[in-house]
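Here is the naming used below: chain letters follow the sequence lines, and residue numbers restart at 1 for every chain.
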Amino acid sequence: MKYWSQTFIPTLKESPSDAEIASHKLLLRAGLVRKLGGGLYTYMPAGLRVVQKISQLCREEMDREGAIELSMPFIHPADNWVEGPRWPAAREIMYRVDHAGAGKGRAKEPEYVLGPTHEEVITPLIKSELTSYRDLPKNFYQIGTKFRNEIRPRYGLMRAREFIMKDAYSFDATDAAAIVSYNKMKRAYTAFFTRCGLKTIAVEADTGVMGGSFSHEFMVPAPVGDDDIVYSEESGYSANREKATSGLVPKDLADAAPVGALEEFATPGIVTIAALAAAPYNAAPDKQFKTLVYMGDGKPFLVVLRGCDELEEAKLGTLGFQLWRQATPEEIEPVMGAKPGSLGTVRGTIKNPTALAGIFADHAIRLVGNGTTGANKDGFHLRNVNVVRDLEVTKFGDFRTVRAGEPDPKSGAPLKIARAIEVGHVFILGTKYSEKFGAVYTDDQKQSHPMIMGCYGIGISRTLQAVIEQSNDADGIIWPWNVAPWQVLVVNLDPQDAAATELCLKLAQAAEAAGVDVLIDDRAERPGVKFKDADLIGLPLRLCVGGRGLKEGIFEFKWRNSKEVRKVAIAEAESVVTQAVREAASKA
RNA sequence: CGGGACGUAGCUUAGCCUGGUAGAGCGCUUGCUUCGGGAGCAAGAGGUCGAGAGUUCGAAUCUCUCCGUCCCGACCA
């Protein structure tokens, strides 16, 4: 048991002005964390306890599914990343670590980086440690700090530059075995989040190139989340919006026949979808083709969408480029022959088509059939543009953002969209890393094969905040039993009174004997302060002892998630506390 | 990386527009009175007004630069 006066729980009456959302305010007000800088937080004693509890639950569930704990360095030689398969993309988010000391660290390239994740470390390790199919399967995990140069840290621990993560990596001989490993992790995650008292939705994140459902994200529905999930209660379909598809384009859609000859018309000063939709042109957005220019690994490529649709940039990941970004007007004009606003992909109108890495069209443009697009000549557009007859397309694909209300690809029912916090992700990696690093095993036919890998992450610190975000009220946090820094708070209203102090100790000992952690508020504070702090820090069970109750021969018993205050006779103290604690523990 | 807002005591903030001795509440210290839902009274400590430069007789206040923080967006042809 811990005495409040002997630990440090600096509660705040008011929220610091830089906290915006409930969970962030409560993290600060309940004295769980303090900010060092943007996205950098100190875990105060009570906050650290929660981190440790969540970590322990995670550890238990990982162990249960046969994963093996180890611990890898935070600092990685940059070479591991340079030799890996994603250096160009990964270097953007990694902090570089140069040699300390005067006169050093002048190298243009970093010599060391702070690890944002550990594929580049564990794969070379496994390459030298595991060589036979008899060694497989194996799944290694660790719980530790990760470093990512987040573009915009947000909402306290929710998106931080430095955060605590559980990461696991599985190694298997076959695809089928990898799926077994994957399903074990999915099961572990479900069990883990449930034990944390967190309601999560496992969302399919189709991997595109791999096909099938080999990736799931565990999402906590919350308006403050960074992700959108697209789902249908009817069919159970659920996916991250970045990957979600809809049944907007029927499978049996017949391509439209041309409606007339291609016709160029002058559109001076018209460079937006909206302007072209207005009089006198009256080309409805869903009858326009929108042409976007991107740069993929240094080469321009085009994406064609309906005028009314939006590009889901994450879907460009299926095209095979390492890095992509929007092209600048300076890059666009020499290739297309016109400035943005007059672009199109009608055959023969692109100035320098050989410069292009491809023209990728969203399936939905087939719904347009015949429409309007830019003529690649400033101030001119083309009408009667037929998808099949006129448009140059390298490949069709799914590139648009799904909207709420579109038909679910499975059931056809309208899709819904909600915000959510991603707290976990399970993913089959295939042989991306094992091939690059030469992590191969020998099978029973003496044949060598790259191992099939999976990776599995849980944001421990983010989970902590997600729990608070999901479980609080106007007075403070309402901790779920298993992750509370202490399960029971014994409030001593009269710490000067020997009888009160003695009863508090008795209650605390009874709870502790029943197997839970107890905090005793022995501070010389006024009752009002203690009650407010009790609600704020949100321990599940509050036992309150004061002179008033002692006279009646009772103490007070109150659950944080209920308004009811129960008076319990001192004579029954031990049995009531023991029973309550055991019951709560068995339900959690 | 754009856009917006902000930066005054440990915390929350007023003052800035319209330049003239920096104010309050909470917290802290001391004393008295209180003592079951963030007590009252009295006295006190605590500020390079984010940093630098400029304008001015005079700058928290006006101008510029930088730094930091928070929010929005990473948006389109």
Side-chain angles (χ1 to χ4, degrees), chain A residues 10-21 24-25 28-29 31 34-40 92 149-156 158-159 224 226 267 270-276 285 288-294 300 302-314 316 325-329 331-333 335-336 338-345 362 372-376 378 381 399-401 474-476 491-497 500 521 523-536 542 544-552 554-556 558 563 565 567:
Chain A
T11 58
L12 301 173
K13 205 183 270 192
E14 289 172 291
S15 304
S17 54
D18 51 13
E20 190 88 354
I21 64 169
H24 187 193
K25 288 178 182 172
L28 292 162
R29 287 192 56 210
R34 286 293 182 264
K35 185 172 74 176
L36 171 64
L40 301 170
E92 302 293 322
N149 186 15
E150 285 292 342
I151 301 165
R152 182 155 87 90
R154 236 157 65 101
Y155 295 155
M158 206 69 99
R159 182 181 279 271
V224 299
D226 265 351
T267 51
I270 300 299
V271 293
T272 64
I273 300 288
L276 203 56
Q288 295 185 39
F289 300 100
K290 177 156 73 179
T291 307
L292 310 180
V293 185
Y294 271 73
L302 307 183
V303 184
V304 189
L305 299 160
R306 293 192 299 170
C308 60
D309 283 336
E310 291 180 11
L311 173 66
E312 186 60 60
E313 257 193 55
L316 298 180
R325 60 168 173 84
Q326 278 189 47
T328 63
E331 289 166 332
I332 292 172
E333 207 171 346
V335 178
M336 302 300 288
K339 294 187 180 66
S342 305
L343 306 181
T345 59
D362 187 81
T372 303
T373 193
N376 291 323
D378 287 334
H381 279 76
F399 303 110
R400 62 186 292 279
T401 302
D475 295 318
V491 181
N492 188 349
L493 292 180
D494 295 288
Q496 310 308 322
D497 181 329
D521 186 355
R523 295 174 300 167
E525 291 287 350
R526 298 168 51 81
V529 173
K530 294 193 169 191
F531 287 127
K532 287 289 185 191
D533 274 349
D535 287 342
L536 182 58
R542 186 184 85 188
C544 185
V545 175
R548 187 187 284 183
L550 284 173
K551 277 179 204 153
E552 295 177 48
I554 58 106
F555 67 94
E556 286 170 3
K558 182 183 175 296
K563 291 238 180 282
V565 179
K567 292 187 176 182

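- With hydrogens and angles left out, the side-chain atoms of A:T372 and A:H381 include no donor and acceptor closer than 3.5 Å.
- The side chain of A:P16 has B:U12 as its nearest neighbour among B:U34, B:C76, B:U12.
- Look at the C1' atom in both B:U21 and B:U61: the space between them is 15 Å, to the nearest Å.
- Base-pair partner of B:A22: not found among the strands shown (Watson-Crick or G-U wobble, both distances under 3.5 Å).
- Considering only side-chain atoms of A:S17, the nucleotide from B:G37, B:U12, B:A77 that sits closest is B:U12.
- As the counterpart of B:C28, B:G44 is assigned, both hydrogen-bonding distances of the Watson-Crick or G-U wobble pattern falling under 3.5 Å.
- Each of B:G37, B:C70, B:C26 was ranked by its minimum atom distance to the side chain of A:F531; first place goes to B:G37.
- Separating the P atom of B:G7 from that of B:U63 is a span of 14 Å, rounded to the nearest Å.
- Rounded to whole Å, the distance from CZ on A:R526 to C1' on B:U34 is 6 Å.
- Across all strands, A:D533 comes closer than 4.0 Å to base atoms (heavy-atom distances).
- Taking the side chain of A:V293 as heavy atoms from C-beta on, and the options B:G38, B:C71, B:A77, the nearest nucleotide is B:A77.
- At a cut-off of 3.5 angstrom, the base of B:G37 holds no donor-acceptor pair with the side chain of A:R548.
- When heavy atoms are screened at a 4.0 angstrom cut-off, A:Y155 is found touching the sugar-phosphate backbone but no base atom.
- Distances from the side chain of A:Q326 to the nucleotides B:A39, B:A77, B:G36 place B:A77 closest.
- Taking 4.5 Å as the limit, some side-chain heavy atom of A:T373 sits within range of a side-chain heavy atom of A:T291.
- Backbone-only contact: A:P527 has heavy atoms under 4.0 Å from sugar-phosphate atoms and none from a base.
- Atom-to-atom, CG of A:L40 to P of B:G68 comes out at 12 Å; the value is rounded to the nearest Å.
- The residue A:R152 sits close to a base: some heavy atom pair falls under 4.0 Å.
- Among the nucleotides B:C26, B:U12, B:G36, the one closest to the side chain of A:E556 is B:G36.
- At whole-Å resolution of the value, CD in A:E331 and P in B:A77 are 18 Å apart.
- Across the protein-nucleic acid pair, A:K13 atom NZ and B:G37 atom P stand 14 Å apart, rounded to whole Å.
- A:L536 has its side chain within reach of A:R29: a pair of non-hydrogen atoms, C-beta onward, lies under 4.5 Å apart.
- Remark: P of B:U69 and CG of A:D18 are 10 Å apart, rounded to the nearest angstrom.
- In this structure, B:G58 forms no base pair with any nucleotide, since neither Watson-Crick nor G-U wobble geometry is met with both distances under 3.5 Å.
- Between A:G156 and A:A327, the one whose closest nucleotide on RNA chain B sits nearer the 5' end is A:G156.
- In this structure, A:L302 places its CG atom 17 Å from P of B:C76, rounding to the nearest Å.
- By the 4.5 Å heavy-atom criterion applied to side chains, A:L311 and A:L305 are counted as neighbours.
- B:U13 sits 28 Å from B:G2 when the P atoms are compared, rounded to a whole Å.
- Using a 4.0 Å heavy-atom cutoff across all strands shown, A:G38 reaches sugar-phosphate atoms only and no base atom.
- Between B:C76 and B:C16, the two C1' atoms lie 41 Å apart (nearest whole Å).
- The nucleotide B:G37 finds no pairing partner, because no Watson-Crick or G-U wobble arrangement with both distances shorter than 3.5 Å includes it.
- Look at A:R325 and you won't find any side-chain N or O under 4.0 angstrom from OP1 or OP2 of B:C1.
- Nucleotide B:G73 is matched to B:C1 when pairs are restricted to Watson-Crick or G-U wobble geometry with both distances under 3.5 angstrom.
- Here A:R29 lies in heavy-atom contact (under 4.0 Å) with a base.
- Taking 4.0 Å as the cut-off between side-chain N and carboxylate O, A:K339 and A:E333 count as a salt-bridged pair.
- In this model, a donor atom of one side chain and an acceptor atom of the other lie less than 3.5 Å apart for A:T401 and A:E312.
- Among the protein residues, A:K530 comes within range of no part of the nucleic acid, since none of its heavy atoms lies under 4.0 Å from any strand.
- The partner of B:C66 is B:G50, by the rule that a Watson-Crick or G-U pair needs both atom distances under 3.5 Å.
- For A:E331 and A:R325, the salt-bridge test passes: some basic side-chain N is under 4.0 Å from an acidic carboxylate O.
- In terms of modelled atom types and a separation under 3.5 Å, the side chain of A:R306 and the main chain of A:F289 share no donor-acceptor contact.
- Counting only heavy atoms from C-beta on, A:R154 has its side chain closest to B:C72 among B:C76, B:A77, B:C72.
- If you take atom C1' in B:U56 and the same atom in B:C62, they sit 10 Å apart, rounded to whole Å.
- With C1' as the reference atom, B:U12 and B:C1 are 33 Å apart, rounded to whole Å.
- Among the protein residues, A:I332 comes within range of the nucleic acid bases, having at least one heavy atom under 4.0 Å from a base atom.
- Note on A:V271: only backbone sugar-phosphate atoms sit closer than 4.0 angstrom, heavy atoms only; bases stay farther off.
- A donor-acceptor contact under 3.5 angstrom links the side-chain atoms of A:R542 to the base of B:G37.
- B:A59 and B:G50 have their P atoms separated by 15 Å, given to the nearest Å.
- The A:D535 side chain lies nearest to B:G37 when the options are B:G25, B:C76, B:G37.
- Scanning atom types as modelled, no donor and acceptor separated by under 3.5 angstrom connect the side chain of A:E525 and the base of B:G38.
- In this structure, the CD atom of A:Q496 is 16 Å from the P atom of B:U34, given to the nearest Å.
- Comparing B:U33 with B:C71, their P atoms sit 48 Å apart, to the nearest whole Å.
- Residue A:G549 is in base contact, counting any heavy-atom pair closer than 4.0 Å across all strands shown.
- Closest to the A:K532 side chain, of the nucleotides B:U69, B:C71, B:G37, is B:G37.
- Side-chain N/O atoms of A:S342 include none lying less than 4.0 angstrom from OP1 or OP2 on B:A77.
- Residue A:V303 is classed as having no contact, given no heavy-atom separation below 4.0 Å to the nucleic acid.
- The existence of a salt bridge linking A:R523 and A:D533 is confirmed by a sub-4.0 Å separation between a basic side-chain nitrogen and an acidic carboxylate oxygen.
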